[in-house]
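Before any comments, here is the structure.
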Amino acid sequence: MTTAPLAHAARSPLKIVFWAVPIAVLLALLPLVIDPYQTILLAYGLVMAIAVLGFNLLLGYTGLLSFGHSAYFGVGAYAVAFMVKYLHLQSMELFVLGAIAASIVVTTVFGYVCVRYTRIFFSILTLALSQVLWSLAFKFFWVTGGTDGLRVPTPKLLGVVTGESEDKIHFLSHGYYYYVLVVFILCVMLMWLIVHSPFGKALQAIRDNETRARFVGIRIRRYRFVAFLVSGVFTGIAGALWVPLNGLTTPDILYWPFSGEIVFMSVLGGFRNFTGPIVGAVVFNYLKTYAVGLTVYWQAFMGVILVVLVMLLPTGIVGTAKLLYGVARRRLAR
Amino acid sequence: LDILVIHLFNALLYASVLFLIAGGLSLIYGVMRIVNLAHGNLFALGAFITASAVGQWFAGSESAWLYLLLPAGAVGAAVLGAILEPTLLRPFYRRPEEYQLLVTFGLLMILEDLMRFVWGPYPVSATVLYEKLGSITVGEWIYPRYNLLVIAIGGLAALFLWAFIYRTKFGVVLRATSQDMRRASALGINVNLVYVQAFTIGCFMAGLGGAIIVPSQSAVLGMGVDALVLSFIVVVIGGLGSLEGALVGALIVGVIREIGISVFPEIELAVLYLIAAVVLLVRPAGLFGRAT
């Protein structure tokens, strides 16, 4: 496995701003141009991007493949649903805070067990633990609504009642879209700082060579634990943002194939790049939506894409694009 | 006391099927170091093939013939395994584990829809085999005879497999490849062939598990995904890559589930995962696992 693409990460902050600001502006202007349905799809993509960004801190930067990230997404989503059902809250800010608190609790417990293992055992253990939550959500139907799930009404954004006066589509494609966009940008910035901090560098050192990292004096298990925690909380935030968008939370988002989709997204974009998960999540979301619309057998369609991707383009969309860009630039320079 | 016997039978029934699935998974991991996420789908495939062979294609035939059709699902799964290993999995042995898990996850999605395509969204059943055998009485309780047949097949399969791996030349080759693939290859063993055989046996076991359980339940979509997670618990408890572990793990899970269903039905699955987590904390490689 090469680590070359990460060398790009060391480029100057100015250049990052040069790329990031136009994209952010574009994302902000898009709802004015495209129709509400497309905007809502994009909002789904951005929400998933936050989740996959968190997931990739473990896979891309720490070298741990979690097959149980549906658990933290689901915890975020169910935390919101419980706050609506039992505490009758409406404020989106409180929802996000509640989801963060809930996912911290769950990731602390799960992380404590899981970070003792690496490689395949880590994957299986995260998968098995996530299914505990699924079975609880499934069986305690008088608390969680079982397979019917729990309905979540339109929340208040920043204390303002937005959901009552206008229709749901308008709310989701305007007010809520910008809310998601702001949280998304904050999460991306935060993750960028984490990845480029000494802590992030230490994680990459652990990924590349565990023994050497230990010799340098890095406390491997503690670093992995913190990475697990951060990763889970990001995914939990995504879960909280997802619920109002979907209007309903069901045990499906706790079921392990959903974790597989999260892994799929990060590989689609390219998990060796910072931007890979973001691109992967947005593209996956469109791909899945259209595949579902096109055929009943969308799952097989996505499966074929995954197999081909893993076989031919293991660096994902962003990795391949960078490779082609590099080749093209060298051709032109000659 | 009679009720205890019934519970014991149920636990054994569940354990036999679980052993067949998890044993196959473990065997494949032991030899090839690959965790096949699509393994549950091979179990489901076995169930579907047997169910439609017995319930649809040859529905009117003599019942003795129908019993001979029981292993059809196992054979079908084995054939699929023999095709999949060289084409889809072989390029991935040298790649990191993430890619191996992903390619089998892709396979899972494809197989899931393939079964939807062939058999449609409705359950397929082969209850005729289940009903024909009638039932026995234990004290004042009645118990279906077919379930005893399943237990017997599960036990026989375990015995057969043990003899196969520890008492035949092929077993020696298999174990040698599992311990050190390079050295086995240097000694003139055709490692690729061993891999195909091991994978085929693993798939055969999963298919057999599906084939023998289907007369008492029905083949439904999604049964493979559920089965995979349960067999993960089994291999985590018993130790990944160990057949003894799969057997003991399946027995433990079978007994706990049987107790769970009658005593604490809501948290039955959660208790199973909890036990798996505790085993991992105490013995990281599982009860019978080798440290890697």
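On a predicted model such as this, the values are computed, not experimentally measured, just so you know. The chains referred to below are lettered A, B, ... by the order of the sequence lines, with proteins before strands, and numbering in each begins at 1.
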ring-ring contact (aromatic ring centres under 6.0 Å, His included) partner of A/Phe258, the single match among A/Phe264, A/Phe73, A/Phe67: A/Phe73

A/Arg219 atom CZ, neighbour heavy-atom count above 12 within 6.0 Å: no

Interface moiety of A/Val267 toward chain B, non-hydrogen atoms closer than 4.5 Å: side chain

Which of A/Leu129, A/Val304, A/Val132, A/Leu127 touches chain B most, by non-hydrogen pairs under 4.5 Å: A/Val132

Side chain / backbone / both / neither for A/Leu133 at chain B, heavy atoms under 4.5 Å: neither

Under 3.5 Å donor-acceptor, B/Asn41 side chain and B/Leu111 backbone: no

Positions in residues 228-237 of chain B that reach chain A, provided some heavy atom is under 4.5 Å away: B/Leu228, B/Val229, B/Phe232, B/Val236

Side chain proximity check, B/Tyr99 to A/Met311, heavy atoms < 4.5 angstrom: no

A/Arg207 side chain to A/Gly60 backbone, donor-acceptor under 3.5 Å: yes

Aromatic ring proximity, centroids under 6.0 angstrom, A/Tyr112 and A/Phe225: no

Main-chain N/O of A/Arg212 paired with A/Asn209 side-chain donor or acceptor, under 3.5 Å: yes

Sidechain-backbone polar pair: A/Thr126 side chain, A/Phe122 backbone, donor-acceptor under 3.5 Å: yes

When B/Thr104, B/Val103, B/Leu107, B/Leu101 are compared by non-hydrogen pairs under 4.5 Å with chain A, the top option: B/Leu101

Residue, of A/Val308, A/Leu65, A/Leu309, A/Leu59, that accumulates the most heavy atom pairs under 4.5 Å with chain B: A/Leu65

Parallel, tilted or perpendicular: ring planes of A/Phe228 versus A/Tyr72, cut at 30 and 60 degrees: perpendicular

Donor-acceptor pair, side chain of A/His69 and main chain of A/Ser259, under 3.5 angstrom: no

Ring centres under 6.0 angstrom apart (A/Tyr297, B/Phe117): yes

Positive for side chain to side chain contact (heavy atoms under 4.5 Å, CB included) with A/Arg224, one of A/Leu58, A/Leu203, A/Thr62: A/Thr62

Residues of residues 276-287 of chain A near chain B, each having a heavy atom less than 4.5 Å away: none

